[in-house]
Each structure stands twice: as C-alpha cells, then as structure tokens.
Amino acid sequence: MRDPLSVLTEAFTSFLFGKVESTRPPVRTSTGQAQAVYLPTAAPGLGDSGVIIGREVYSGKGYIYDPFQLYGQQLPAPHWLVLGESGNGKSALEKTYVLRQLRFRDRQVVVLDAQGEDGAGEWNLIAQKLGITPIRLDPMAALDQGIRLNPLDPAITTTGQLALLRTIIEVAMGHGLDERSGFALKVAHAYVNETIVQRQPVLTDIVEQLRHPEPESAEAMNVAIDDVRAWGLDVALVLDRLVDGDLRGMFDGPTTVGIDLDAPLIVFDLSHIDRNSIAMPILMAIVGVWLEHTWIRPDRKKRIFLVEEAWHIINSPFVAQLFQRLLKFGRRLGLSFVAVVHHLSDVVDGAAAREAAAILKMASTRTIYAQKADEARATGRVLGLPRWAVEIIPSLTPGIAVWDVNGNVQVVKHLITETERPLVFTDRAMTESSADFNDDALRAAELEAEERAAAFMEQHIGDSSESTVA
C-alpha cells in the first residue's frame with residue numbers, strides 16, 4: 001500500500017502542473033557507432049602457462065590449455081573427453097597436443113592407437129620421427145615371436161591379476177561371473193601363483209588348472225572335485241581363446257623383454273585388430289591394467305594416457321569399471337586420461353550407461369567438434385552445455401571446436417605449425433584424411449569462422465546497417 005502523503009503530494013502536483021511522464025527516446029545509430037557504447041566482451045582465458053592450442057575465435061586471443069597446470073585451481077580432474085565426427089580435426093588436435101606436451105621434460109605419453117591402414121597405425125609416423133618403435137599387438141605377428149603382454153606378469157599384483165582375468169572372461173561372455181565360476185577361477189589362480197616360481201606363470205597354466213583342479217580346492221569348500229571342474233569349464237573355454245584361438249600369441253607367454261616404459265612416447269598399435277570384434281575391449285582391458293601396474297609410478301612425472309576409439313572402454317561395463325579405478329588411482333600420481341569418441345550416443349545409450357556417466361563425470365574438459373544437429377542437442381543435454389554452444393556445433397568447420405573446461409566455454413580454432421603439418425596430415429588414406437585439411441580448406445574454414453564471429457557480435461549488438469539502442 002502506498003504512503004498516503006505520497007499519494008496526496010502526487011495528486012497536488014498533477015493538479016498544478018499536469019501529469020508528467022518521463023520517456024527515453026530511442027537513438028538510431030549504426031553498429032560501428034554503437035560498439036563504443038556496448039563494448040564486445042570475451043570470456044576469460046585459462047592463463048598463460050601450458051600448451052598453446054590455437055586462438056579463441058570471437059576474441060582472437062591465444063588459447064592455452066594444460067590439465068596439469070589447471071588441476072586443483074580451475075579443474076577438479078585432469079581428464080579430457082574429445083568428441084566429433086570424422087574429418088573435423090580430432091586426430092590433428094591429439095597429435096599436436098602430444099607433440100607439444102613432449103617438449104616438457106617431465107611429460108610422458110601412452111597412446112592406444114586403434115586406427116590406421118597400410119599395415120601401420122595412425123601414430124606410426126610420429127613414433128618414427130621421435131625414434132620410437134610402436135608396440136604392435138598383432139595375432140599373426142605374435143605367432144612369430146611378436147609382442148606379448150602377460151596378464152600374469154609378476155609386475156602386476158595378484159589382486160590385479162585376478163581382477164584382470166575376471167574382466168577378460170566377463171567381456172568375452174557378455175555377463176558377469178557367477179559365484180561358482182568365480183570360485184573356480186580364484187582357486188586355479190592361487191594354485192598357479194603358489195606352485196610356479198621358476199618362471200612367469202602364463203594363461204596356459206590357468207587353463208590347465210581349471211581343467212584339472214586339485215583335490216585340495218574341492219576339500220576347502222567341502223564339494224566334489226567334479227563340481228569344481230564343472231564350475232570352471234566355461235572359464236577355461238574363454239581363456240582358451242587367448243591361448244589357442246584367434247587371439248593366441250599375444251597374451252599366452254611371458255611379457256616381451258625390451259619394452260621401454262621410460263620412453264617419452266609409448267604407442268600401442270592396435271590397428272591390426274578388428275575394431276568391431278570382442279578382441280578390442282579385451283585388449284584395452286589387458287593393456288590398461290598392465291600399464292596401471294608397470295607404468296604409473298610415484299616419480300613426479302606427468303603422464304598422459306590417450307585412447308583412440310575409447311567407446312570400446314566406456315561401452316563395456318566390465319572394462320569401464322577397471323578404467324574408473326585407473327582414473328581415480330592415477331589422478332593422485334599425475335595421470336591425465338584422454339578419451340576420443342565419435343558420438344556420445346555410442347556411449348550413453350550403450351550397455352554401460354551407468355559406468356559411462358561416471359567416466360564422463362570425471363572428464364572436466366570436453367572438446368566438441370562438428371556434429372549433426374540431433375547429436376549436438378543430445379551432447380549438450382548430457383554435458384550441460386549452454387544453448388548458444390549447442391546451436392553452433394553443427395555449423396563448426398574443420399579445426400574449430402567448442403571447448404568446455406569446467407564450465408569455461410569458448411570456441412577455439414586449432415592452429416598447426418608448418419613443422420607439425422607433415423606429421424599430422426599424411427598422404428595415406430586415414431579415417432581423418434589430409435584431404436579434409438588442405439590449405440584451401442584451412443583458409444576457407446578461417447574465413448567462415450571470422451564471418452560467424454562477426455554475425456555473432458552483430459546479433460548481440462545490432463544490425464550491420466542501423467539499429468535502435470534504447
């Protein structure tokens with residue numbers, strides 16, 4: 001209720017001078033003149049310490065990102081998710097990022113390279129340039145004394161070995177182990193570790209023990225020996241695939257001597273493995289656990305674990321659980337996990353939706369390249385992107401992406417030096433070929449980005465000719 005005195009005063013004033021209303025007439029002006037009144041603004045950067053990525057499109061400022069520098073201040077976790085369809089620049093970003101990180105002496109990188117043609121992985125050229133031989137996991141080469149990784153390597157703790165064996169079996173079977181099968185595996189693993197001390201235990205030893213369990217195993221649980229044998233039969237059949245099946249040779253012997261885990265860059269070449277087969281998640285599980293126990297050490301080094309085709313990890317509940325533990329454990333020891341995925345729907349709509357959500361939550365940095373409109377909207381909902389960012393994702397040109405660093409969202413153009421270009425864009429037909437990134441395309445992308453930036457500013461300031469400013 002208004003004050004009576006104010007009402008009386010207003011009535012008296014109106015009687016003497018008439019009704020007075022103040023108005024603010026509009027001012028017609030051009031965008032060029034209005035910019036002095038409504039100054040354009042840009043989001044703050046991430047600081048000036050770390051690895052340069054490129055430049056922020058709307059402001060033109062240099063864009064610098066480094067999870068190790070930002071961790072604990074602007075980042076709650078150093079992990080990074082890269083999304084986008086093929087041909088838009090994910091591969092180029094990953095490669096230049098790794099090359100630039102390796103200029104720091106305390107950096108070390110492992111890459112799981114799941115792509116490639118012509119008999120070599122996509123990272124083969126960079127490895128050669130750095131004088132590094134990729135660790136090529138190939139069933140055919142393994143039969144001829146190729147690279148082997150032993151899931152029962154003594155460098156892995158017994159608990160880690162058992163967890164890895166369970167994961168291999170569960171991935172292959174497509175469901176979790178029941179209590180009886182799990183018991184048969186546990187007693188076989190324990191017996192092998194206790195009795196084989198003169199050499200590295202191997203998978204063949206586990207399979208043999210599952211087929212012919214010791215009487216003590218049955219007596220411990222007061223069951224018949226035939227029951228223990230029956231419980232372990234399915235487990236033995238699955239492990240036999242790694243010993244005498246299509247994956248034989250890679251994991252059924254002692255770990256190959258001479259794998260240099262102190263090299264600045266370690267490349268696991270998985271390009272000879274069918275990406276759509278059950279072998280790929282099994283491989284990633286074995287490599288992930290093997291690295292956890294042999295590579296990650298408390299030596300103050302900053303480590304980057306980059307995984308191509310990471311949906312093989314995130315889309316498998318059993319493999320995802322292993323990597324969740326790796327991410328939580330590795331964060332204390334300076335590990336940044338980089339997952340590269342084409343479509344988020346491949347992950348969030350898969351069999352491991354819960355595990356995928358947990359891993360995505362750990363990724364405080366998200367980089368999104370061009371996607372179709374429907375996919376962009378779905379990605380925006382899952383990642384909580386602002387509406388303006390979702391709207392521009394379908395129109396992004398190659399080399400330009402939306403970066404979300406713990407809520408700091410900017411549009412960034414990735415820049416590549418002339419020195420890096422021959423290593424990043426090769427003449428071989430890759431999934432993301434050099435044809436998509438020739439000089440003409442780069443110039444066209446840069447021009448289009450500048451035009452979009454101008455349109456964006458005009459939308460927020462006024463028309464390009466004249467606008468009404470109240």
In this structure, OG1 of T96 is separated from CD of Q101 (nearest 0.5 Å) by 10.5 Å
Only residue of Q200, H189, R199 satisfying side chain to side chain donor-acceptor pair (under 3.5 Å) with D205 is R199
Counting heavy atoms not belonging to [X], are there more than 12 under 6.0 Å from its [atom1]?
X    : atom1 : answer
D178 : CG    : yes
K301 : NZ    : yes
R229 : CZ    : yes

Thinking salt bridges, do [X] and [Y] make one under a 4.0 Å N-O criterion?
X    : Y    : value
R100 : E420 : yes
D262 : R297 : yes
K302 : D66  : no

ask   = In terms of ring plane angle, is the pair H79 and F337 parallel, tilted or perpendicular, where the classes change at 30° and 60°?
value = perpendicular
| query | Looking just at side-chain N and O atoms, do T367 and W80 make a donor-acceptor pair shorter than 3.5 Å? | reply | yes
Does the side chain of N193 pick up a donor-acceptor pair with the side chain of T158 at under 3.5 Å?
-> no
Note to self: Quick check on the 6.0 Å ring-centre criterion: do W290 and F251 meet it?
What the structure shows: no
*Tell me, do I393 and L385 make a side-chain contact under 4.5 Å, heavy atoms counted?*
yes
*Flag side-chain contact, heavy atom, 4.5 Å: I126 against V267*: no
Closest heavy-atom pair, V405 versus L70, reported as atoms and distance to 0.1 Å, is CG1-CD1, 4.3 Å
Residues passing the salt bridge (Lys or Arg N to Asp or Glu O under 4.0 Å) test with R300, sequence neighbours excluded, are none
